Amino acid sequence: AQKVTQAQTEISVVEKEDVTLDCVYETRDTTYYLFWYKQPPSGELVFLIRRNSFDEQNEISGRYSWNFQKSTSSFNFTITASQVVDSAVYFCALSEASTGNQFYFGTGTSLTVIP
Amino acid sequence: GAGVSQSPRYKVAKRGQDVALRCDPISGHVSLFWYQQALGQGPEFLTYFQNEAQLDKSGLPSDRFFAERPEGSVSTLKIQRTQQEDSAVYLCASSLGGALGYGYTFGSGTRLTVV
């Protein structure tokens, strides 16, 4: 079973629009971490945020914000006033205390921001 | 180094050929991970090293895959008798500690194409 689900395969928005990328996870652990990574066309995965299971505070970093809701097992990512440079594939990932060091990645959401 | 360096950037191998992929982690990072990313998919865990010790190789898809990190820094992922299904991007990542609670720093990957 997929531990991380990103139901949106591709999203296109016009520049300056807001966009939300959805992530739903599944785990039986009480201690776990959630991550978002950005993968631009160059291929490397760029770390965006880490959130532990005990901290449900939402976080804002510039135009980026994250909404963590344990009740719905979701960790959604919103980009405000999108820019062309935001075009990339975005991955949500989970690491669990019980399975040690491996990350479970979703299948990614490809975001295209149209100028 | 400033980042995780992987070489070669691209590799084309004939089916049946052996290949070796190199990863130079960030200096001082004790943890090193290999992931395989098929086209249009999220990365999937292959193996994990802490210093020179390979602590988890549960993700290696077959005994044709072998990884080593003999001196606790540079790592090599070797694939013997390559097959077409091995075609993917192989990503290396390093971390100061274990993955749980830490973000990885990823390299740009090696794109392997088996023809």
Side-chain angles (χ1 to χ4, degrees), chain A residues 1-10 21-25 27 29-55 59 61 66 75 88-110, chain B residues 1-11 23 25-26 29-51 53-60 88-112:
Chain A
Q2 192 75 8
K3 285 183 178 280
V4 177
T5 301
Q6 295 180 254
Q8 305 150 306
T9 305
E10 296 181 0
L21 310 182
D22 298 334
C23 173
V24 174
Y25 63 93
T27 180
D29 284 29
T30 55
T31 300
Y32 56 89
Y33 286 79
L34 295 163
F35 300 80
W36 276 93
Y37 281 85
K38 175 182 180 180
Q39 188 172 46
S42 54
E44 80 277 17
L45 283 157
V46 178
F47 170 79
L48 296 178
I49 191 171
R50 174 184 74 239
R51 176 52 48 87
N52 75 58
S53 53
F54 301 106
D55 181 4
E59 183 159 337
S61 176
W66 291 269
F75 186 44
V89 180
Y90 290 85
F91 290 96
C92 181
L94 165 74
S95 70
E96 305 169 305
S98 64
T99 50
N101 291 286
Q102 65 173 287
F103 275 20
Y104 298 96
F105 283 87
T107 51
T109 297
S110 178
Chain B
V4 177
S5 178
Q6 292 188 247
S7 60
R9 188 77 174 88
Y10 302 94
K11 176 70 178 178
C23 172
I26 293 175
H29 278 196
V30 300
S31 297
L32 185 145
F33 311 83
W34 284 97
Y35 279 77
Q36 180 190 58
Q37 186 176 18
L39 188 64
Q41 300 297 314
E44 293 194 356
F45 173 82
L46 293 177
T47 188
Y48 160 60
F49 289 86
Q50 187 168 9
N51 296 307
Q54 188 174 22
L55 299 185
D56 188 345
K57 54 182 181 180
S58 62
L60 295 177
V89 175
Y90 290 85
L91 293 164
C92 177
S94 68
S95 174
L96 271 174
L100 187 66
Y102 289 84
Y104 295 153
T105 300
F106 280 87
S108 296
T110 294
R111 182 177 296 278
L112 173 65

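Throughout, a chain's letter reflects where its sequence line sits, starting with A, and its residues are numbered from 1. Please read all numbers here as calculations on a predicted model, not as lab measurements. Side-chain atoms are counted along with the backbone in the values below, which use heavy atoms only and exclude waters and symmetry mates.
Using a 4.5 Å cut-off between heavy atoms, Gln6(B) makes no contact with chain A at all. For a residue to count as touching a neighbouring chain, one of its non-hydrogen atoms must lie under 4.5 Å from one of that chain's; by this rule Gln39(A) touches chain B with the side chain only. Interface remark: Thr105(B) contributes no atoms to any contact with chain A (heavy atom separation under 4.5 Å). With a 4.5 Å cut-off on non-hydrogen atoms, Arg9(B) touches chain A through its side chain but not through its backbone.
Put simply, of Ala93(B), Gly42(B), Gly107(B), Pro43(B), the one with the most heavy-atom pairs under 4.5 Å next to chain A is Pro43(B).
Residues that satisfy the ring-ring contact (aromatic ring centres under 6.0 Å, His included) test with Tyr90(B), not counting sequence neighbours, are absent from this structure. Scanning for side-chain hydrogen bond (donor to acceptor under 3.5 Å, both in side chains) contacts around Glu44(B) gives an empty result, with sequence neighbours left out.
Checked against the 6.0 Å centroid criterion, the rings of Tyr104(B) and Phe47(A) do not qualify as a close aromatic pair. Aromatic pair Phe35(A)/Phe105(A): centroids not less than 6.0 angstrom apart. Residues Tyr48(B) and Phe33(B) place their aromatic rings such that the two centres sit under 6.0 Å apart.
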